[in-house]
Amino acid sequence: MMFWVIQTLNGISFGMLLFLLASGLSLIYGLMKILNLTHGSFYLLGGYIGLAVVHLTGSLLLAVLVGSLSIALLGALMERFLLRRFHLQELPQTLLTFGFLFIFSDLAIVIWGGNPQTMPKPAMFSESVQFGAFFYPSYRLFIIGFGFAIAGLLWWMQEGTRVGAMLRAGVDDEETARALGINVSLLFTMVFALGAFLAALGGVMGGPIMGVYPGADFEVMLLGFVVVIIGGLGSLKGALAGGLIVGLLDNFGKVFFPEFALFTIFAPMALILAVRPAGLFGRE
Amino acid sequence: MTNLLPHMSGRKFAVIALIGTAVLLALPYFLPPYYLGLVIKMMIFALFAMSLDLLLGYTGMASLGHAAYFGMAAYVTGLLALKLGWSVWLTLPAGILMAALTALLLGLLALRTRGSYFLMITLALSQVVWGIAFGWRSLTGGDDGLPEVPRPNLPLPWSMADSTPFYYFVLFFVVVGTLLLVRIVSSPFGCALRGIRESETRMLALGYNVWRYKLAVFVLAAAFAGLAGCLYVFNNRFVSPDYIHVARSAEVLLMVILGGAGTLIGPALGAAAIVLLENIISTYTERWLMILGFVYVLVALFTPNGLTGLIESLRKRRSGP
């Protein structure tokens, strides 16, 4: 029983990090139809910058802020000056975002070296909490709560604010939205920056439990795609559900079938593709 | 035949092809073994890139998982040669067949989508194959890969362990593969593919079963990628999950676009250029990945139609309106 609870919580906390990553991926695709292969780099660079800030100032809060905001700026610049030229041209977009994946990946090795590093946990969450007979790291519980809070915030932004209404209009019919006077170009830059922000946030927040290491960019990018394929592209609900599903599948897969850990994620993905090509919450 | 290079007559093409073949046949007499090895790699990747061009350039389907078939064939051929000691006349067809069957299975899932979604699905599905190669340690050796795959043993007086005989072995299969590809793209089937690229709905209206054509070309392209993968495992005498990695799928996509999708000669030249560039740059710096990243960005920004497209537009500008 204890085993199941602990493993489930581990899966959910990892799923929350995947949600942070996939929600941005999904928003970007939903609005701009861009397959952003640099998304994993945003996660990794966010982690490294956060780490550098911790080493400099000792403040984790500052690490989260600087890490995610600087990557948001990077994302905004990429969209504004490069990706915008290739609106709806998937091949140049793919080459561009894949090229930046390589550039950032190698740059991170040049700056931070090839060894895996770990982010310290905030002092407040460095202990385990006790529930009756069992102990659980409080940081992971914090991530779960934080993930749900971000999900709620994003949902409110999308459904309850003016910007969210513009965003939904842009997703539904870009041309009409433009004709109605919505500044869709600005919206594109903002959404791309928001996606980069969320990915970097995942990178900093995940630092204490996942570590920050070369190659994480490729790993999380691929998992992020599986999440949006399962959940459905362009859907926030899908990113949350997909994140939790993949987080749990990954965790239990590693526990029960270590040789085929990846397969426990990919087999359900293939199944969903066969039955519901648009994903669980995607629109046909 | 004219679509190998735009605005090239059949006779002109035949002359160029003859000269090219003659040069390739004579190369071992000029080049030291090291450079011969480089040319072998160029030829293998040229075949691989041309196979993807069948999808991307001729049918308009951009796959970001083409290395799955390259790697699948490489593993099957390598395993059969290494563990069972089968002859190349069995391992090569087995590898190609497995690549085609994998494509048939994955194509059924991927072909329900198009555009950037197709890119993502093919990427994700290729990861399934990568996951098997990476995870199934007892069979594939996991990320250590399979070392010491033997070169083919042919009933010939020359050993394939030497670079010159092996060069001719690879050249033979690359030439056969290229001729088959030329035959395919200039056949009625190839015309139908170009029709699908231009307008799927029009082809549907004309009564073509578009879906079946797409599945057929997906499987065919995988088979040619498989042939390239088989040759590559014999060349390296080694196979690892890197053969299937998304980085390789993206690299072959880059080769096709750099050379110019929709011509066969373009992707072949694009492949040769990237292989050569990697070889030169790697000797000077460890930062090959970063430079390759910039190559991706530069190709996206400046040669969206590839080198053949660039030549074409220069020629148009020179001859004037």
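Remember, it's a predicted structure, so these values are computed and weren't measured experimentally. Lettering follows sequence order; numbering is per chain, from 1.
With a 4.5 Å cut-off on side-chain heavy atoms, A/Val110 and B/Met290 count as touching. By the 4.5 Å heavy-atom criterion applied to side chains, B/Arg287 and A/Ile109 are counted as neighbours. Two residues are said to be in side-chain contact when any heavy atoms from C-beta on lie closer than 4.5 Å; B/Leu292 and A/Ile103 fail this criterion. No side-chain heavy atom of B/Val246 sits less than 4.5 Å from a side-chain heavy atom of A/Leu37.
For B/Ile257, the part lying under 4.5 angstrom from a heavy atom of chain A is the side chain only. With a threshold of 4.5 angstrom between heavy atoms, B/Ile291 does not approach chain A through any atom at all. Residue A/Leu82 touches chain B through its side chain alone, counting heavy-atom pairs closer than 4.5 Å. For chain B, the nearby part of A/Leu233 is the side chain; its heavy atoms alone come within less than 4.5 Å. Interface residue A/Tyr29: only side-chain heavy atoms are found under 4.5 Å from chain B. Residue A/Phe104: no heavy atom, backbone or side chain, is found under 4.5 Å from chain B.
Within a 6.0 Å sphere centred on CH2 of B/Trp136, heavy atoms belonging to other residues, nucleotides or ligands number 12 at most. Annotation: B/Arg202, atom CZ; neighbour count of heavy atoms from other residues, nucleotides and ligands within 6.0 Å does not exceed 12. Within a 6.0 Å sphere centred on CZ of A/Phe257, other residues, nucleotides and ligands contribute 12 heavy atoms or fewer. Taking a 6.0 Å sphere around CD of B/Glu286, one finds it holds 12 or fewer heavy atoms contributed by other residues, nucleotides or ligands. Dense packing is recorded around CZ of A/Phe252, with more than 12 heavy atoms of other residues, nucleotides or ligands lying under 6.0 Å away.
Considering only heavy-atom pairs separated by less than 4.5 Å from chain A, the leading option among B/Gly131, B/Ala62, B/Ala124 is B/Ala124.
Here B/Leu301 contributes atom CG and A/Leu95 contributes atom CG; the two are 10.0 Å apart, rounded to the nearest 0.5 Å. The structure places CH2 of B/Trp130 at 8.0 Å from CZ of A/Phe266, a figure rounded to the nearest 0.5 Å. Going from atom CG of A/Leu273 over to atom CD1 of B/Ile121 covers 4.0 Å, rounded to the nearest 0.5 Å. Remark: A/Asn36 CG to B/Met120 CE distance equals 11.5 Å, nearest 0.5 Å. Atom CZ of B/Phe118 sits about 10.5 Å away from atom CD of A/Glu90, to the nearest 0.5 Å. Rounding to the nearest 0.5 angstrom, the gap separating the CD atom in A/Gln93 from the CG atom in B/Leu119 is 9.5 Å.
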Legend entry - Stepwise side-chain contact (heavy atoms from CB on, under 4.5 Å) test for B/Leu125 and A/Met269: CA-CA 9 Å; B/Leu125 291 175; A/Met269 178 194 78; 4.1 Å; yes
Inset, instruction - Please lay out, stage by stage, how B/Val297 and A/Phe100 fare under the test side-chain contact (heavy atoms from CB on, under 4.5 Å). - result: CA-CA 7 Å; B/Val297 173; A/Phe100 276 104; 3.8 Å; yes
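Proximity to chain A at a heavy-atom threshold of 4.5 Å picks out B/Leu109 from residues 101-110 of chain B, in numerical order. For residues 269-284 of chain B, an interface with chain A (any heavy-atom pair closer than 4.5 Å) does not exist.
Judged as a ring pair (Phe, Tyr, Trp, His ring centres under 6.0 Å), and not counting sequence neighbours, A/Phe14 has no contacts.
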Validation: residues 213-232 of chain A side-chain donor-acceptor distances under 3.5 Å, sequence neighbours left out:
from: A/Tyr213; atom 1: OH; to: A/Glu219; atom 2: OE1; distance (Å): 2.9
from: A/Asp217; atom 1: OD2; to: A/Ser105; atom 2: OG; distance (Å): 3.2

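When every heavy atom of B/Ala300 is checked against every heavy atom of A/Pro92, the shortest pair comes out as CB-O, 3.6 Å. When every heavy atom of B/Leu289 is checked against every heavy atom of A/Phe102, the shortest pair comes out as O-CB, 3.6 Å.
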